[in-house]
Amino acid sequence: MSRVTFVAGKLGTWRIESIAAICGEGVGPAERLERIEAPQFLSPPEGGWRLCGVRSNERYTEKSERERLIAIQPPLDRMESVCASLIPIKKSEAWWALAQDERRRLFEERSKHLSIGIEYLPAVARRLYHSRDLGEAFDFLTWFEFAEKDASAFDELLRRLRDTEEWSYVEREVEIRLRRDRARD
Ligand code: HEM
């Protein structure tokens, strides 16, 4: 199982520019953040906080969709990706009470999550982590990286997704915007 810890405190590659509680309770303030994929979870830093998740199998992606994604999705840690966003999300009990096929229908047929998202590839690189089965406060930790010039496209993507029926099941969402001081060497 591939584990991730997002550690927010005084240290880290990413400078926290803003933390906005979009829906429900926010998270505490911090100066910097690091995303660490490692065999074990890391401890919370002094005076800061951490969020834990795991990479997991896909739930809703069909074969042809996966092939489209694989063909176009960029890797994380590109040189030009000086902007990033960590968006932890919790969905309601009503969502989790639905059957798998109802959730798939809401996710794609009714809300077009993947169809909308794919329009923003390869500008936006993404990684989805699952937290619900760890008993964490959020169900998902979503991570995105992009170049400065694509920041407004990312804002538009967020607006479009938050307007969907799928998002009516989101009961807690925090948008953390990050920047690294300069492009990677
Ligand atoms: C950048 C373009 C995006 C693409 C191509 C994309 C694509 C996908 C795909 C294919 C899945 C399903 C994975 C599976 O089969 O289990 C997924 C799940 C998810 N995405 Fe996105 N996404 C994008 C942007 C976003 C954004 C901006 C957010 C948050 C604001 C987000 C939040 C989520 C969440 C929370 C899930 C898990 C849904 C669930 O399992 O109930 N995605 N995304």
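Ligands are counted one by one from 1 in listed order, and the atoms in each one are counted from 1 as well. In this text the structure is predicted, and so the values were computed from the model without any measurement. Nothing fancy with the numbering, it's 1 onward along the sequence.
When each atom of ligand 1 is checked for a heavy atom of Trp95 under 4.0 Å away, the hits are 41 (O). For ligand 1 and Phe140, the ligand atoms under 4.0 Å from any heavy atom of the residue are 35 (C), 37 (C), 38 (C), 39 (C), 40 (O), 41 (O). For ligand 1 and Leu158, the ligand atoms under 4.0 Å from any heavy atom of the residue are 27 (C), 30 (C).
Residue contacts with ligand 1: Glu58 is placed with no nitrogen or oxygen under 3.5 Å of a nitrogen or oxygen of the ligand (distance criterion only). Considering backbone and side-chain N/O atoms, Trp167 never comes within less than 3.5 Å of an N/O atom of ligand 1. In terms of polar-atom proximity, Arg59 is counted as a contact of ligand 1, with an N or O under 3.5 Å from an N or O of the ligand.
A single hydrophobic cluster is seen to contain both Leu114 and Leu158, as judged by linkage of ILVMFWY side chains at heavy-atom distances under 4.5 Å, directly or through other members. Phe140 and Val54 fall into different hydrophobic clusters, where Ile, Leu, Val, Met, Phe, Trp and Tyr are joined by side-chain heavy atoms under 4.5 Å apart, directly or via other members.
With a 4.0 Å heavy-atom cut-off, ligand 1 is reached by the side chain of Lys91 but not by its N, CA, C or O.
Looking at Arg177, Arg32, Arg179, Arg180 one by one, the single match for salt bridge (charged side-chain N to carboxylate O under 4.0 Å, His left out) with Glu17 turns out to be Arg179.
Between Phe6 and Trp143, the ring planes lie tilted relative to each other; the angle falls in the 30° to 60° range. Using cut-offs of 30° and 60° on the angle between ring planes, the pair His113 and Trp167 is tilted.
Within 6.0 Å of CD on Glu109 lie more than 12 heavy atoms contributed by other residues, nucleotides or ligands. Counting heavy-atom neighbours within 6.0 Å of Arg104 CZ, excluding the residue itself, gives a total above 12. Within 6.0 Å of CG on Leu128 lie more than 12 heavy atoms contributed by other residues, nucleotides or ligands. Counting non-hydrogen atoms of neighbouring residues, nucleotides and ligands closer than 6.0 angstrom, the CD atom of Glu25 reaches no more than 12 such neighbours.
Among all protein heavy atoms, the one lying closest to atom 28 (C) of ligand 1 is Phe144 CZ, 3.4 Å. The protein heavy-atom contact nearest to atom 15 (O) of ligand 1 is Thr61 OG1, 2.6 Å. Regarding atom 1 (C) of ligand 1, its nearest protein heavy-atom neighbour is Leu157 CD2, 3.6 Å. Ranking protein heavy atoms by distance to atom 12 (C) of ligand 1, first place goes to Phe107 CZ, 3.5 Å.
Arg110 places none of its side-chain heavy atoms less than 4.5 Å from the side chain of Glu166.
Atom 21 (Fe) of ligand 1 has His113 NE2 as protein N, O or S atoms under 2.8 Å away.
Legend: ring pair (Phe, Tyr, Trp, His ring centres under 6.0 Å) pairs involving residues 29-65, not counting sequence neighbours, sorted by first then second residue: Tyr60-Phe107.
Using 4.0 Å as the threshold, Leu69 has a heavy atom nearer than that to some atom of ligand 1.
Distance alone, capped at 3.5 Å, is enough to place a donor-acceptor pair between the Ser131 side chain and the Cys52 backbone.
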